[in-house]
Every structure is written in C-alpha cells, then in structure tokens.
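Below, all heavy atoms of this structure are taken into account, side chains as well, without hydrogens, waters or symmetry copies. When a ligand or atom number is given, it counts from 1 through the structure's own listing order.
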Amino acid sequence: MEIIVTVEAMRAASRGARAAGRRIALVPTMGYLHEGHASLMREGRHRADLLVASIFVNPTQFGAGEDLDAYPRDLDRDMAIATAAGVDLIFAPKASDMYPAGYQTWVDVDRLTGPLCGASRPGHFRGVTTVVTKLFNIVRPDVALFGRKDYQQLAVIRRMAADLDMGIEVVGMPIVREADGLAMSSRNAYLSPDERQSALCLSRALARARELYRTGERAVPVLLDAVRATIAAERTAVIDYAEFRDGDTLDDVTSAADGTLLALAVRIGKTRLIDNCLLGEEN
Ligand code: PAF
C-alpha cells in the first residue's frame with residue numbers, strides 16, 4: 001500500500017489508473033479507522049480495481065469549540081487497518097494544501113442540510129460537501145462509499161452528486177456495531193469506561209422505538225416519549241436531538257411508517273454521539 005500526500009501525486013495516480021481502464025473506488029475518512037471504515041473498504045475492494053482511502057481531518061466541517069484539535073489521530077494504526085482491508089493507496093493531504101491561502105469556494109446543499117446535525121452544527125455540512133467535492137475532483141472515483149451512521153451526511157452527498165452531475169456512484173453501507181449495540185465511531189475513543197456504558201442508551205432508544213413500531217405504534221409523539229425516556233434514564237446523557245423524519249426528504253413527520261428515520265444526537269459527558277435507524281427495516 002502506498003501513501004500519497006500531495007494533490008498533484010494523487011491526481012497523477014488517478015490519471016494513470018483511468019488511462020489503464022481501471023475502475024476507482026474512494027472511501028473518504030478522517031482517520032482513526034475502525035471496523036465501520038474497514039467494512040466500507042472491503043466493499044470498495046469488490047467494486048473497483050484501484051481502492052483509495054483518504055485520511056483527512058477536515059477543519060472546515062468543525063465549528064468553533066468543537067473537537068478539531070482533540071480529534072484522535074493514529075496513522076500507523078490506520079495503515080494497518082487499511083492494508084488488511086485491501087486498500088491500494090492512502091491519500092492523506094495537508095490542510096494547507098487542501099485550503100491554501102486565499103481559498104474561498106464552497107459547495108452548499110440546500111434543504112437537506114437544514115434539520116438535525118445541520119441545525120445543531122451550523123456550517124458543518126458546507127465543510128463536508130466542500131471537502132468531498134474536492135476529494136472527488138482529485139481522486140476522480142467511479143464509486144465512493146459512506147457509512148449510514150452519518151445518515152444525513154450520506155443523503156446530502158447523494159443529493160450533491162446527483163445535482164452537480166458528478167457521475168459518481170454513492171454507496172451507503174450499514175452501520176457497524178459493537179457486540180453490545182454501540183455504533184462504531186472514532187469518537188467512542190473519548191468515552192471513559194462509565195461513559196461507554198451510558199452510551200448504550202442510544203442503541204437502546206432505537207431498539208425501544210423499533211419494538212413499539214413493530215407492535216403497531218405509529219404516533220410520533222408516543223414513540224418520541226419512549227425514546228426520550230430511554231435516553232433520560234442515563235443520568236449523564238443529554239439529548240441534542242431525537243427526531244423522526246422522512247427517510248428520503250428528512251422532512252418532519254407526525255406519523256411513523258416503514259422507512260421513517262429515527263435520528264439521535266446525544267452528549268455523553270463531553271462526547272457527542274449520533275445514531276439512527278429506519279423503522280420497519282433491518283439495520
Ligand atoms: O464522515 C466523515 O468521516 C467525514 O465527514 C468525511 C466524509 C470524510 C468528510 O470529511
């Protein structure tokens with residue numbers, strides 16, 4: 001596996017692969033890889049001849065006071081995980097190359113970025129869509145893979161790729177969970193052992209809503225009460241949002257149906273965790 005750090009070298013590698021008729025897959029990441037990332041990489045391996053993973057902690061998607069400086073980093077460990085998952089090439093650019101002095105161009109997706117993380121992290125999605133567009137332009141993949149844990153991010157990137165005629169297949173992959181149900185996330189590394197236990201309230205709340213839905217409950221206020229009560233049972237958990245939304249448009253819903261999204265963002269101590277499920281579906 002090769003590591004490329006400059007935009008020019010990445011562009012050249014991509015040009016060479018395309019000239020040789022090779023299909024390119026990209027797994028964009030911010031590093032501190034876990035099994036969730038590895039599952040994206042293994043799928044990318046099946047779908048392309050050249051598998052590229054980017055590792056870039058993108059400063060423009062972090063707000064003031066968020067965890068940019070503290071974000072966990074471990075390139076040696078990331079390389080071992082990426083190698084085992086079949087990655088051919090890691091693209092790990094410097095922030096000063098991605099955003100040189102004078103940088104002033106942004107990509108914005110409109111309505112889909114309004115609610116949920118868009119509301120609680122202003123500017124976050126503008127940073128995500130901008131960096132993903134840049135990565136797409138540099139790597140020029142045929143297919144790009146993202147996890148469904150960041151459900152809204154996946155919806156926004158799909159919309160962006162379609163609206164801007166990027167000609168890139170955007171693939172969403174299932175959430176990967178620890179044995180006890182906690183969704184895998186690089187931010188789980190921040191949790192103390194006690195907080196790690198408290199964090200299970202997210203997957204417990206999803207399970208509670210799914211169970212109520214399975215037994216016939218459709219009223220969102222009732223489902224929401226159960227979700228909130230499950231999370232509130234953990235003393236250290238503070239809800240940022242808990243919302244039922246249309247799984248495609250992310251519009252508000254008052255009655256749940258198959259494919260309705262339940263999205264959660266919950267603070268456990270200083271760590272903000274997200275999780276979600278689609279009602280009526282195995283996920
Ligand atoms: O999901 C992430 O890790 C990031 O938001 C992404 C897509 C790599 C963009 O920085």
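Taking every non-hydrogen atom of Pro28 and a distance limit under 4.0 Å, the qualifying atoms of ligand 1 come out as 8 (C). Within the listing of ligand 1, atoms 9 (C), 10 (O) sit less than 4.0 angstrom from a heavy atom of Val131.
To the nearest 0.5 Å, atom CG of residue Asp97 and atom OH of residue Tyr103 are 13.0 Å apart. Atoms CG and CG, from Leu273 and Asn188 in turn, are 6.0 Å apart once rounded to the nearest 0.5 Å. Of the inter-residue distances, the one linking Leu206 atom CG with Thr230 atom OG1 reads 9.5 Å to the nearest 0.5 angstrom. Here the SG atom belonging to Cys117 is positioned 7.5 Å from the CG atom belonging to Asp150, to the nearest 0.5 angstrom.
Of the candidates Gln153, His37, Lys134, Gln153 brings a heavy atom nearest to atom 2 (C) of ligand 1.
Annotation: atom 3 (O) of ligand 1 to nearest protein heavy atom, Met30 CG, 3.6 Å.
At a heavy-atom cutoff of 4.0 Å, ligand 1 is contacted by no atom of Ile157, backbone or side chain.
At least one N or O atom of Gln61, backbone or side chain, sits closer than 3.5 Å to an N or O atom of ligand 1.
Side-chain atoms of Thr60 and Tyr99 form a donor-acceptor pair, as typed in the model, at a separation below 3.5 Å.
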